[in-house]
Amino acid sequence: MNVYDSGRMADVLAPIGYAPAEAPDGADMVILNTCHIREKAAEKVFSELGRLRVLKDEKRAAGGDLLIAVAGCVAQAEGEEILARAPFVDIVLGPQAYHKLPEMVAQAERAAATAAAEGKPKAGRGILDTDFPAEPKFDFLPAPSVSGPAAFLSIQEGCDKFCTFCVVPYTRGAEYSRPVAAIVAEARQMVAAGVTEITLLGQNVNAFHGEGADGTEWGLGRLCRELGAIDGLTRIRYTTSHPRDVDDDLVAAHRDVPALMPFIHLPVQSGSDRILRAMNRGHTADQYRTIVDRLKGARDDLALSSDFIVGFPGETDADFAATLKLVEDVGYIQAYSFKYSPRPGTPAAGMPNQVPEAVKDERLAALQALLNNQQAAFNQSCIGREMDVLLDREGRHAGQLLGRSPYMQPVHATAPAALFGRVARLRIVSAGPLSLGGELVAADPPSSSERACA
Ligand code: 5AD
Ligand code: SF4
């Protein structure tokens, strides 16, 4: 989501003359787009700001300036603290306010120019906007610029689930779904610009309930059917979904929509019912197993990834063993796992029985060993299979291209440069713990329009 948001910030700033730079040195403005999900991510912001301050001082000494903005969820949660601890910051803006960036930048540029003319440091404090505006920001953003064949498309934001460990409902705000017509129009524009794979984004993407053309609420399954009918859009993914919001129509869409990739990120967090309850996840481990079975019933080549938290307050050895058991039962082809990190203002941060760091370390190592084995075993099982790979990057060696399998595995292959940006059928001939090697079988068949032109 932050990668997508950063792109949209670049889009919104383009009309006032800003373009993305490769590095902070030499740039006129740096925006830190920040994440508040775990403590480590939030801490990084202040150390990064320390480095940028040096750069700003150097530029000012040379008669120029460097505007510094902090965006994203740390800005939302700790905006006042940022301005107090780092008064040299020019702009602090939350994730629902970035459509207002041009205004804020213009205001900051004026303040900086006045200060420079007077030979003084900037007067007053930086600009702060961490409102959740009544008007959704999407109505004010320009069409996203795309480069390459794969793109993100945000369809939903915010979350009303209030898992007891999570800051997202506080930093991103209440759940909001974009109207179907706006999403479909954006997808069509992307496809016209050469995109063949779209990843639908949302903190709680399958809670999507956008207004359809007929005035009724559409769920994610129906949206996927609509997008699946767009000529030239060959791959659709969505992330991140919640087990409670996997409804029958979404399951059926996995059966009916060929473009919907057979890989779902479906975080479970824990395999212990006691901990799932304390996390306010709203489902049990067995209900999760049933959801997985329903999805695999719709498409037997479907595979899963997940997020896990170890060391949630009160987690015992037995609870952790239940998590390992669930991992063994489900079988993940990839996963993210984290030590529980208490977040200020969330209910779990104040729960008794916080788990000691050393225990968290041990559990994380054991869980990751199991998950890594499953990932490596899945990669090995791909050898000999043919897979459609979207070749969207240069490989490390000359004549090599790199792409993603339907399961998001990185795959490298020797392939002609003409295949860059296209889907090619590869036979998998080698597998490492994190990636695959393939040999070219065939490129995608030309579409009907290409045939007509030929
Ligand atoms: N501590 C550790 N991990 C967390 N996550 C969310 N909040 C926390 C926290 N307080 C993890 C969850 C979520 C992922 C995006 O980050 O696993 O699915
Ligand atoms: Fe956070 Fe996801 Fe739970 Fe929402 S559903 S509170 S985003 S972990």
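Only a predicted model underlies this, so the values are computations on that prediction, with no experimental measurement involved. Atoms within each ligand, like the ligands themselves, are counted from 1 in listed order.
- The distance from ligand 1 to the heavy atoms of Ile37 drops below 4.0 Å at these ligand atoms: 5 (N), 6 (C), 7 (N), 8 (C), 9 (C), 10 (N), 16 (O).
- In summary, Asp249 and Arg222 do not engage in a salt bridge, as defined by a charged side-chain N under 4.0 Å from a carboxylate O.
- Between Ile16 and Pro102, the shortest heavy-atom distance links the atoms CD1-CA, 3.9 Å.
- Two rings, from Tyr238 and Phe208, have their centers 6.0 Å or more apart.
- Put simply, the side chain of Asp90 gets close to the backbone of Ile68: a donor and an acceptor are under 3.5 Å apart.
- For Ile309, every heavy-atom contact with ligand 1 shorter than 4.0 Å involves the side chain, none the backbone.
- On a distance-only criterion, Asp307 and ligand 1 share at least one N/O pair closer than 3.5 Å.
- Heavy atoms only, all atoms of each residue included: Arg343 and Phe165 are closest at CG-O, 3.8 Å.
- Of the charged side-chain nitrogens involved, none lies within less than 4.0 Å of a carboxylate oxygen, so that Glu211 and Arg178 do not count as a salt-bridged pair.
- Annotation: Pro342 places no N or O atom under 3.5 Å from an N or O atom of ligand 1; distance criterion only.
- Applying the 4.0 Å criterion to heavy atoms of Lys339 picks out, from ligand 1, the atoms 1 (N), 2 (C).
- Of the protein's non-hydrogen atoms, the one nearest atom 7 (N) of ligand 1 is Phe165 CD1, 3.3 Å.
- When the side-chain contact (heavy atoms from CB on, under 4.5 Å) test is applied to Pro406, the partners found at least two apart in sequence or on another chain are Arg235, Met261, Pro262, Met387.
- Electrostatic pairing of Arg85 and Glu78 does not count as a salt bridge here, judged by no charged N lying under 4.0 Å from a carboxylate O.
- One distance of note links NZ of Lys44 with CG of Leu49; it measures 13.5 Å at 0.5 Å rounding.
- Heavy atoms of Met279 stay at 4.0 angstrom or farther from ligand 2.
- Those atoms of ligand 2 with a heavy atom of Phe165 less than 4.0 angstrom away are 8 (S).
- Near Arg38, the atoms of ligand 1 lying under 4.0 angstrom from a non-hydrogen atom of the residue are 1 (N), 2 (C), 3 (N), 4 (C), 5 (N), 11 (C), 16 (O).
- Considering backbone and side-chain atoms together, Gln269 places an N or O closer than 3.5 Å to an N or O of ligand 1.
- In summary, Lys100 and Glu103 do not engage in a salt bridge, as defined by a charged side-chain N under 4.0 Å from a carboxylate O.
- When non-hydrogen atoms are compared, ligand 1 lies under 4.0 Å from the side chain of Phe338 (C-beta onward) but not from its backbone.
- For Phe162 and His242, the gap between ring centers reaches or exceeds 6.0 Å.
- Shown are the protein N/O/S atoms under 2.8 Å from atom 4 (Fe) of ligand 2, given by residue and atom: Cys159 SG.
- Regarding atom 10 (N) of ligand 1, its nearest protein heavy-atom neighbour is Ser341 O, 2.8 Å.
- The two atoms that bring Gln374 and Tyr332 nearest to each other are OE1-N, 2.7 Å, heavy atoms only.
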